[in-house]
*Asks:* 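Please find one structure pasted underneath; my questions will follow.
Just so we're clear, the structure is a prediction, and the values are computed from it rather than from any experiment.
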2 protein chains.
Amino acid sequence: MSKSVNAGAQRDAAKPTGEIGLGELENHLGYFVRRLQHWIFRDVNAALAAVELDVILYSILETIAANPGTTQIAVAGALGIERARMVGLLDDLQQSGLIVRERSEQDRRAHALGLTPRGRMILKKANVAVAAHEKRVARRLGAGNYRRALTALSQFEMD
Amino acid sequence: MSKSVNAGAQRDAAKPTGEIGLGELENHLGYFVRRLQHWIFRDVNAALAAVELDVILYSILETIAANPGTTQIAVAGALGIERARMVGLLDDLQQSGLIVRERSEQDRRAHALGLTPRGRMILKKANVAVAAHEKRVARRLGAGNYRRALTALSQFEMD
DNA sequence: TATTGTTATACTCTATAACTATA
DNA sequence: TATAGTTATAGAGTATAACAATA
């Protein structure tokens, strides 16, 4: 409960941490994005632990489900994962019996990715857990803020 | 809201970030937060390279500036940095002549942190660079979306 | 006994480079 | 020559544990 030396003077800047102010950071979107990302990361990973996944493995499963037969490079590009790292992540999913890697018939360098029946079952359970997580985010942020944030952020162009 | 499932009609495996759908991910705030955070991180670090800082060192400087005499633990807690890592980061800032660490007179275990004149000068330049970065984010997101995102995300309660 | 700063360790993530087999 | 997948490595970031000085 030890207050900092100069704490207690300003009451206007009490929202981010409650203890000390953050100066210009409170006008920067990046600060709040990072803060929210950190909370979401922990919460969604805790939710996915019930099906022995984390948010990265889940995202890969969901992307494969939406694009059956796609390649490792395509998934890596869509999710911003290095293709070198993708190898080990897909090894995990394959050893867990959730995905299959088959050589593509059109391009024998590439692997065509697909979900196993067990992969589809686990993904369905994962989506239930993630939906509950999204509700927690929405409740904590406020329904209106959640909707506005989703709309606004989804319109960001990466390029 | 469409799920934009491109039911396998196209098989353009050429593009790295090719046009593949993301399934449920497109309904999840966390996906867009992570995406934006990644872009912001790269852009703001590129901007801060001109003053030989990165976004973490900048955030520490700004927090010390807003709370002169505060402690390492308080800054670490405010920014979500482990106190073990804070040691090395403050070493960097001290060796660059931007901050001072003095033993606190109230609690001789603690260090009272402060900016040097050079630290204040560099921070002023950094804030100019970061303001330009914020404008880039706002332009890319759209002014209305930027304002709505900032308002919405700033109301997230961390606990 | 608890806390601040510190050191040390281990594990993960990120970024490269290089190799193979195909194209 | 270029690309998909793979392996290997080095540098950050993160999470712990333990310790000394101080409370």
Side-chain angles (χ1 to χ4, degrees), chain A residues 1-5 19-20 34-35 37-39 41-42 45-46 48-49 53-57 59-60 64 67 69-95 99-113, chain B residues 11-18 20 34-35 37-39 41-42 45-46 48-49 53-57 59-60 64 67 69-95 99-113:
Chain A
M1 191 64 86
S2 61
K3 283 275 197 174
S4 290
V5 278
E19 291 267 340
I20 70 179
R34 186 176 199 281
R35 212 159 137 265
Q37 208 269 324
H38 195 251
W39 190 93
F41 184 78
R42 271 185 305 138
N45 277 337
L48 286 168
L53 290 175
D54 62 24
V55 70
I56 299 170
L57 296 176
S59 298
I60 293 171
I64 295 174
N67 307 273
T70 190
T71 64
Q72 298 188 187
I73 287 246
V75 175
L79 297 177
I81 303 170
E82 285 297 316
R83 74 182 199 273
R85 194 181 161 218
M86 182 66 64
V87 176
L89 295 167
L90 290 176
D91 285 349
D92 287 350
L93 290 172
Q94 196 170 23
Q95 279 161 25
I99 65 159
V100 289
R101 280 195 264 206
E102 299 171 351
R103 290 232 91 92
S104 168
E105 295 186 357
Q106 290 106 15
D107 182 342
R108 299 185 58 77
R109 293 171 302 184
H111 285 163
L113 302 176
Chain B
R11 194 163 307 250
D12 45 0
K15 288 193 171 188
T17 59
I20 72 175
R34 187 177 198 280
R35 213 158 136 266
Q37 208 268 324
H38 194 251
W39 190 93
F41 184 78
R42 273 185 304 138
N45 278 336
L48 286 168
L53 290 175
D54 62 23
V55 70
I56 299 171
L57 295 176
S59 297
I60 294 171
I64 294 174
N67 307 274
T70 190
T71 64
Q72 299 189 186
I73 285 250
V75 175
L79 296 178
I81 303 170
E82 285 296 315
R83 75 183 198 273
R85 194 183 161 214
M86 182 66 65
V87 177
L89 294 168
L90 290 176
D91 285 348
D92 288 349
L93 290 172
Q94 196 169 24
Q95 280 161 23
I99 66 159
V100 290
R101 280 196 264 206
E102 297 170 352
R103 289 232 91 92
S104 167
E105 296 185 358
Q106 289 109 14
D107 183 342
R108 298 187 58 76
R109 294 171 301 183
H111 284 164
L113 303 175

*Asks:* Hey, is the side chain of B:Arg109 pairing donor to acceptor with the base of C:dG5 inside 3.5 Å?
*Replies:*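 No.
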
*Asks:* Please determine if a side-chain N or O atom of A:Gln72 lies less than 4.0 Å away from the OP1 or OP2 oxygen of D:dT6.
*Replies:*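 True: A:Gln72 side-chain N/O within range (under 4.0 Å) of D:dT6 OP1/OP2.
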
*Asks:* Between A:His38 and A:Ala110, just flag the one whose closest nucleotide in DNA chain D comes earlier from the 5' side.
*Replies:*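 The residue whose closest nucleotide sits nearer the 5' end is A:Ala110.
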
*Asks:* Which is more 5' along DNA chain C, the nucleotide nearest B:Asp107 or the one nearest B:Ala84? Just name the residue.
*Replies:*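 Nearest-nucleotide comparison on DNA chain C picks B:Asp107.
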
*Asks:* Check each of A:Asp54, A:Val75, A:Leu79, A:Leu53 against A:Ser59 using the side-chain contact (heavy atoms from CB on, under 4.5 Å) test, and report the only one that passes.
*Replies:*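 So the option named by the test is A:Leu79.
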
*Asks:* Of all the choices, C:dG5, D:dA15, C:dA15, which nucleotide is nearest to the side chain of A:Glu82 once you look at every atom?
*Replies:*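 For A:Glu82, the side-chain atoms sit closest to C:dA15.
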
*Asks:* Whole angstrom is fine here: how far is it from CG in A:Asp91 over to P in D:dA8?
*Replies:*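 Atom CG in A:Asp91 sits about 12 Å away from atom P in D:dA8.
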
*Asks:* Can you tell me how far C1' of C:dC11 sits from CG of A:Leu89, to the nearest Å?
*Replies:*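 In whole Å, C:dC11 C1' lies 15 Å from A:Leu89 CG.
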
*Asks:* For D:dT7, does OP1 or OP2 lie under 4.0 Å from any side-chain N or O of A:Arg85?
*Replies:*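 No.
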
*Asks:* Quick one: which of C:dT22, C:dT4, C:dT14 gets closest to the side chain of B:Arg83?
*Replies:*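 Taking heavy atoms from C-beta onward, the closest nucleotide is C:dT4.
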
*Asks:* When the distance from CZ of A:Arg42 to C1' of D:dA15 is rounded to whole Å, what number comes out?
*Replies:*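 Checked: the CZ to C1' distance equals 13 Å.
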
*Asks:* Calculate the interatomic distance between A:Ile81 atom CD1 and C:dT12 atom C1'; express it in whole Å.
*Replies:*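 Taking atom C1' of C:dT12 as the reference, CD1 of A:Ile81 is at 14 Å.
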
*Asks:* Between B:Arg103 (CZ) and C:dG5 (P), how many Å, whole number?
*Replies:*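 Checked: the CZ to P distance equals 8 Å.
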
*Asks:* Counting heavy atoms from C-beta on, name the nucleotide in D:dG13, C:dT6, D:dA4 closest to the side chain of B:Val87.
*Replies:*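 Looking only at side-chain atoms, B:Val87 lies closest to C:dT6.
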
*Asks:* To the nearest Å, give me how far apart CG (A:Asp92) and P (D:dT6) are.
*Replies:*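 For the pair A:Asp92 CG and D:dT6 P, the rounded distance is 13 Å.
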
*Asks:* With a 4.0 Å cut-off on heavy atoms, is B:Arg101 in touch with a base, just the backbone sugar-phosphate, or nothing at all?
*Replies:*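 Sugar-phosphate contact only.
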
*Asks:* Side-chain contact test, heavy atoms from C-beta onward, threshold under 4.5 Å: evaluate it for A:Ile81 versus A:Ile60 and give yes or no.
*Replies:*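 Counting from C-beta outward, A:Ile81 and A:Ile60 do come under 4.5 Å.
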
*Asks:* Kindly compute the distance separating CD (B:Gln72) from CG (B:Leu89), expressed to the nearest 0.5 Å.
*Replies:*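 It is 10.0 Å, given to the nearest 0.5 Å.
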
*Asks:* Starting at the 5' end of DNA chain C, which residue's closest nucleotide do you reach first, A:Glu105 or A:Phe41?
*Replies:*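 Nearest nucleotide further toward 5': that of A:Phe41.
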
*Asks:* What is the distance, to the nearest angstrom, from the CG atom on A:Asp54 to the P atom on C:dC11?
*Replies:*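 After rounding, the gap between these two atoms is 17 Å.
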
*Asks:* So, taking the atom named CG in B:Asp107 and the one named OG1 in B:Thr71, what distance separates them when rounded to the nearest 0.5 Å?
*Replies:*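 Reported value, rounded in 0.5 Å steps: 8.5 Å.
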
*Asks:* Whole angstroms only, please: what is the CD1-C1' distance between A:Ile56 and D:dT14?
*Replies:*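 Whole-Å distance recorded here is 13 Å.
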
*Asks:* Just how far is it from atom CG of B:Asn45 to atom CD1 of B:Ile56, taken to the nearest 0.5 Å?
*Replies:*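 If I round to the nearest 0.5 Å, the distance is 7.5 Å.
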
